[in-house]
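Everything on this sheet refers to the single structure shown next.
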Amino acid sequence: MELEKTKLPRHVAIIMDGNGRWAEQRNLDRIEGHIAGTESVRDVVTCSREVGVSYLTLYAFSKENWSRPKEEVNKLWGLLQIFLQSELELMQEKDIRFNTIGAIKDLPKKAQRMLANVMDKTKSNRSLMLTLALSYSGRQEILHAIAGLVEDMKKKPIKRLTEKVFTRYLYTSKIPDPDLLIRTSGEMRLSNFLLWQMAYTEILVTDTLWPDFRRDSYLKALQEYTHRERRFGALRGR
Ligand code: IPE
Ligand code: IPE
Ligand code: MG
């Protein structure tokens, strides 16, 4: 597939949805859908690295997902640990830096330790930054940022609160805003993902379920993005 390299998104964010439906269609347990979904994660990560996307942010678990049955939630943390164990080598080999956003302190301690370990081991990798959003909520992130800002203001007043200053307090302070958001399995909503950061992100919703969203689907989405015209409120072509 021909991709116009200069028009590729620098940062792609993905709401990986439809694992449960994929499993239900096959009369399987929901966790089987999540397991199949990790293959799609591998494809999308490898492909991002190959084509030259610099930042990839994957919504893996929302704060709202804590309201799912305990059994599913626990299995998801187990799956995350297996994933981290098996992917560290690939991340090292492909020069991928691993990162997380969200209320990580709410995760099981073992998962937290493994996340910290993978982040530490990959911290000098530069070709792609892979960020997993875990126990993430866009509104909580904004509140968390305000709390940090207020704390700092007590020490030293901030003269002018600009967008740039505020952005420094977000989990994503070192990451540019997403250029493209992909949501799989047809739902047309943000589900509390990167609310501040996606003010001007291009949105692409596909009916493909996440476990079926492999390399070809991803390349097709990237290609569609290269044909979008981003105006940011200005007039075309100026
Ligand atoms: C997305 O798939 C993965 C997570 C939210 C953890 P779902 O589990 O939401 O799948 P559906 O929406 O029920 O099909
Ligand atoms: C969004 O999917 C969260 C993740 C993909 C991790 P959900 O399936 O939880 O979202 P809703 O319930 O359809 O909004
Ligand atoms: Mg869902």
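Keep in mind the model is a prediction, meaning the values are calculated, not measured. Counting starts at 1 for both ligands and their atoms, in listed order.
- The R189 neighbourhood of ligand 2 comprises atoms 11 (P), 13 (O), 14 (O), with distances under 4.0 Å to a heavy atom of that residue.
- Residues of the protein with a heavy atom under 4.0 Å from ligand 1 are M16, D17, G18, N19, G20, R21, R30, H34, A60, N65, R68, L76, listed by chain and number.
- A chain of hydrophobic side-chain contacts below 4.5 Å, direct or via other Ile, Leu, Val, Met, Phe, Trp or Tyr residues, connects L58 to L128.
- Remark: the backbone N or O of G37 is paired with a side-chain donor or acceptor of W210 at under 3.5 angstrom.
- Residues E187 and D17 form a side-chain contact, since some pair of their non-hydrogen atoms from C-beta on lies under 4.5 Å apart.
- Remark: R26 qualifies as a cation-pi partner of W22 under the 6.0 Å distance and 45° angle criteria applied to the six-membered ring.
- A donor atom on one side chain and an acceptor atom on the other are not found under 3.5 Å apart for R97 and S124.
- Cluster annotation: I15 is not connected to L204 through the hydrophobic network of ILVMFWY side chains, with a link wherever side-chain heavy atoms come within less than 4.5 Å.
- Between Q112 and I104 the shortest side-chain heavy-atom distance falls below 4.5 Å.
- Between the side chain of T167 and the backbone N or O of E163 there is at least one donor-acceptor pair closer than 3.5 Å.
- S185 and R21 share a side-chain donor-acceptor pair at under 3.5 Å.
- Checked against the 6.0 Å centroid criterion, the rings of Y171 and H144 qualify as a close aromatic pair.
- Protein N/O/S atoms closer to the Mg ion (ligand 3) than 2.8 Å number 1 in this structure.
- Under a 4.0 Å criterion applied to the non-hydrogen atoms of R183, ligand 2 contributes the atoms 2 (O), 10 (O), 11 (P), 13 (O), 14 (O).
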